[in-house]
Colleague: 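First the structure, which I've put down as structure tokens, then a few questions once you've had a look.
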Amino acid sequence: MDKYIVRQAIKEPKNDEVVGYEILIQNDNDSLYNGSEHVIADAIAGFLTQNNDVIFREKMTFLSFPPTLFFRNTPKMFDKEKMVIQIEDNIVVHPLTPSIMKKYRKDGYRFAINNFQYSPKYLSLLEMVEFVKIDVAGVKDEKGRVSLANLVEMLHSFDKKCIAVGVNTKEEYDLVKIMGMDYLEGNYIETAMITKSNKMDYLEGNFFQLVVEVTKDEPDVEMIETIISRDASLSYSVLKMVNSAYFALRKKTSSIRQALVTLGISQLRQWVYLLSIKDDERNAASDEVLKLSFLRATFMSALVEYMKTREIIRSEAYLIGMFSTMDYIIDAPLEELLEDIPLPDVARDALVEHTGIGGALFDMVLCYEQADWKRLRQYTSQFNIPANVIAQIYMDSVEEVNEIWDNLSSDVERPEEENEEKTGEESEE
């Protein structure tokens, strides 16, 4: 049977920082936890172990196991430093659960209870868990809000961290913020960033690489194109500038390479210098949005290879993914932001109106991100892409983005800092 696997971010509400991911797994025809045990075993022991380094390389990873695998020590295949074993109802009710959990705890594993309920069977396990996940979807009336607030207060008194799940609307987001939830998870959290700014941010490590490259005696234009293309803010800035009235191009361009040729190295250096004069304040939200745009661009361009259509090409799919977060990076409607960028019609229609082949591809990726498996199957049928292929492409994209991100996020020495160090060394001599 086919299976889909995706990560859903868990964020800290005060600074919008991602603290971990939940791995959501779904079979093509049924819920993972209602399916047969051998299918579940194949999904977890097979796919996840093959992608172990991809899934468990960053932050806390929350993963549920069905009873058969939980009691057979399958979670111990994964890194205890990153793994949070998520306990579902079908494990909570099992009489062997407390003793098994104690063994895992002794080995250093942490636990979360999913969809916590105020009942004896859940309370009896509370002392062994660090995280408690509470479903807030649909909580609207006053009685539900009071009950939720009391539950959070009680759990905090036991020194448990509360994770609100099912935060799918702004109303639910506003509600759980005032409840004092420690972490939030849901479709609204995944796509709507808390901090919006009229000033674009860019990934610092990536920008430093750009500074180093443009200051060389013989800059590598291909490398500069690569650096700019993986940052939504830089891509947008350079395309908007080149297509402005100042350059008076006869034919507008959406090509980064053409934009660099039009600019020339001299003006490119001036542009980079101006970008370097910025405030030192950065926030986790802006980095996460940039990373999401890069992941979408990589994922969508790879999917095009399996769509067997000439209505859209890889570069167009990449543009859709890269610019899909611009309205979160800049607090303005996407249609307005794209007025000065001559995107191909297939990309513009996808971003602004969610229509055409590009719109269908974009919506399929959004469904995948949000674990909307029912709608996702409609698109996979339309494009005739097997579920296991999509899952593997997604994991490959995550790995590619993570590897590049790790390099970009490492300490990159500013040219001026390097010069200061050299000056200091010379003065000591």
Side-chain angles (χ1 to χ4, degrees), residues 6 187-188 190-193 196 200 225 228-245 249-259 289-370 372 374-385 389-390 393-394 397 401:
V6 69
N187 294 342
Y188 183 81
E190 192 71 19
T191 56
M193 299 295 112
K196 292 185 178 182
M200 285 186 294
E225 179 186 13
I228 293 176
S229 294
R230 61 193 176 205
D231 189 316
S233 296
L234 291 176
S235 298
Y236 179 80
S237 294
V238 72
L239 288 176
K240 185 171 183 179
M241 177 173 55
V242 167
N243 287 290
S244 67
L249 296 180
R250 292 182 179 180
K251 185 178 180 181
K252 303 293 185 180
T253 181
S254 60
S255 164
I256 300 296
R257 174 63 66 91
Q258 183 59 47
V289 180
L290 292 173
K291 189 174 184 180
L292 175 61
S293 66
F294 189 23
L295 176 57
R296 283 181 179 173
T298 304
F299 187 30
M300 292 178 69
S301 61
L303 286 171
V304 167
E305 293 296 303
Y306 294 85
M307 289 172 57
K308 299 178 181 178
T309 176
R310 296 185 179 180
E311 296 179 68
I312 186 171
I313 59 177
R314 287 189 63 132
S315 61
E316 293 169 339
Y318 191 92
L319 285 172
I320 296 171
M322 185 56 71
F323 287 140
S324 65
T325 60
M326 285 309 304
D327 51 340
Y328 295 108
I329 296 174
I330 307 175
D331 191 8
L334 193 57
E335 185 174 8
E336 178 183 321
L337 294 172
L338 298 179
E339 283 181 356
D340 299 324
I341 307 296
L343 294 180
D345 289 342
V346 66
R348 183 177 298 277
D349 292 345
L351 289 165
V352 177
E353 301 177 2
H354 287 252
T355 57
I357 190 72
L361 175 61
F362 185 22
D363 287 343
M364 182 175 78
V365 168
L366 294 179
C367 287
Y368 197 93
E369 290 177 355
Q370 298 167 7
D372 188 346
K374 185 175 181 180
R375 285 187 62 209
L376 178 64
R377 284 196 290 270
Q378 298 174 6
Y379 290 112
T380 57
S381 297
Q382 175 182 344
F383 295 131
N384 195 28
I385 306 177
V389 170
I390 296 179
I393 292 174
Y394 176 78
S397 300
V401 170

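A quick note: this is a predicted structure, and the numbers were derived from the prediction, not measured.
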Colleague: For residues L351 and M326, determine if any side-chain heavy atom of one lies less than 4.5 Å from a side-chain heavy atom of the other.
Modeller: no

Colleague: On a heavy-atom basis, which atom in A350 and which in G359 lie closest, and how many Å separate them?
Modeller: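 That would be CB-N, 3.3 Å.
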
Colleague: Rounded at 0.5 Å granularity, tell me how far CG in D363 sits from OG1 in T355.
Modeller: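 Output value for this atom pair is 9.5 Å.
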
Colleague: Give, for atom OH of Y236 and atom CG of D231, the distance between the pair rounded to the nearest 0.5 Å.
Modeller: 14.0 Å

Colleague: Sorted by first residue and then second, give each ring pair (Phe, Tyr, Trp, His ring centres under 6.0 Å) pair with at least one member in residues 335-361; sequence neighbours left out.
Modeller: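 Passing the test, one end in residues 335-361: H354-F362.
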
Colleague: Please report the closest heavy-atom contact between A259 and L239, naming both atoms and the distance.
Modeller: CB-CD2, 4.2 Å

Colleague: Which pair of heavy atoms, one from R348 and one from L343, lies closest together, and at what distance?
Modeller: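 Closest heavy-atom pair between R348 and L343: NH2-N, 3.6 Å.
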
Colleague: Does the side chain to side chain contact (heavy atoms under 4.5 Å, CB included) test come out yes or no for V346 and E311, once each step is laid out?
Modeller: CA-CA 8 Å; V346 66; E311 296 179 68; over 6 Å; no

Colleague: Compare every heavy atom of N243 with every heavy atom of K252, then report the nearest pair and how far apart it is.
Modeller: NZ-O, 2.7 Å

Colleague: Given 3.5 Å as the limit, does a donor-acceptor pair link the side chain of S235 with the main chain of A232, or not?
Modeller: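 Looks like no, no N/O pair under 3.5 Å.
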
Colleague: Has E335 got more than 12 heavy atoms of other residues, nucleotides or ligands less than 6.0 Å from its CD?
Modeller: no

Colleague: Would you list the atom pairs, donor with acceptor, under 3.5 Å between side chains in residues 316-325 and any protein atom, with sequence neighbours excluded?
Modeller:
{"unit_1": "E316", "atom_1": "OE1", "unit_2": "I313", "atom_2": "N", "d": "3.1"}
{"unit_1": "Y318", "atom_1": "OH", "unit_2": "S229", "atom_2": "O", "d": "2.9"}
{"unit_1": "S324", "atom_1": "OG", "unit_2": "R296", "atom_2": "NH1", "d": "3.0"}
{"unit_1": "S324", "atom_1": "OG", "unit_2": "G321", "atom_2": "O", "d": "2.8"}

Colleague: Would you check if the distance from the ring center of F299 to the ring center of Y394 is below 6.0 Å?
Modeller: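 Yes, ring centres under 6.0 Å apart.
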
Colleague: First locate atom CE of M307, then atom CD1 of I312, and finally report the distance between them rounded to the nearest 0.5 Å.
Modeller: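 With rounding to 0.5 Å, CE (M307) is 6.0 Å from CD1 (I312).
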
Colleague: When I256 is tested against each of I228, V242, L234 for side chain to side chain contact (heavy atoms under 4.5 Å, CB included), which residue passes?
Modeller: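 Among the candidates, only I228 passes.
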
Colleague: Let me confirm one number: the CG-CG distance from D372 to L366, rounded to the nearest 0.5 Å.
Modeller: 10.0 Å

Colleague: From M364 CE over to Q382 CD, what is the distance, rounded to the nearest 0.5 angstrom?
Modeller: 9.0 Å

Colleague: Check whether any side-chain heavy atom of L303 lies under 4.5 Å from a side-chain heavy atom of F383, and answer yes or no.
Modeller: no

